[in-house]
Amino acid sequence: MLVRDGEDVRVYLNGHTDPEIAGQASINPLPTNNDWFFAGRNDALANLEGKLSELALYDRALTPDEVTHHYQ
């Protein structure tokens with residue numbers, strides 16, 4: 001699960017409360033773009049291999065305990 005809180009980004013795997021990846025990524029939204037892309041880019045240049053079976057969007061950053069609860 002990827003969690004973003006401002007510029008802080010964390011990736012949790014398999015419900016673990018410690019992130020597998022943690023760092024910062026700037027936010028550069030396009031003011032007129034309302035499109036969302038998951039597991040790839042809109043130009044199909046750098047797509048992920050595999051498939052998404054489930055997707056959940058939250059309007060806030062989840063805590064590590066909430067990530068675990070969501071995974072279970």
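Interatomic distance, CG of Leu62 versus CZ of Arg4, reported as 14.5 Å (0.5 Å rounding). Within the model, atoms CG of Leu13 and CG of Leu2 stand 10.5 Å from one another, a figure rounded to the nearest 0.5 Å.
In this structure, Val67 and Arg10 have side chains that are not in contact, with every pair of non-hydrogen atoms separated by 4.5 Å or more.
Applying the side-chain hydrogen bond (donor to acceptor under 3.5 Å, both in side chains) test to every pair with at least one member in residues 61-72, sequence neighbours left out, gives these pairs: Tyr58-His70, Arg60-Glu66, Thr63-Glu66.
In the hydrophobic clustering of this structure, Val3 does not group with Val9; members are Ile, Leu, Val, Met, Phe, Trp, Tyr whose side-chain heavy atoms approach within less than 4.5 Å, directly or through other members.
Scanning both residues, Ile27 and Gly6, for their nearest heavy atoms gives CD1-O, 3.3 Å.
Heavy-atom contacts from other residues, nucleotides or ligands closer than 6.0 Å to CD of Glu20 number 12 or fewer.
Annotation: side-chain contact (heavy atoms from CB on, under 4.5 Å) contacts of Ile21 (sequence neighbours excluded): Val11.
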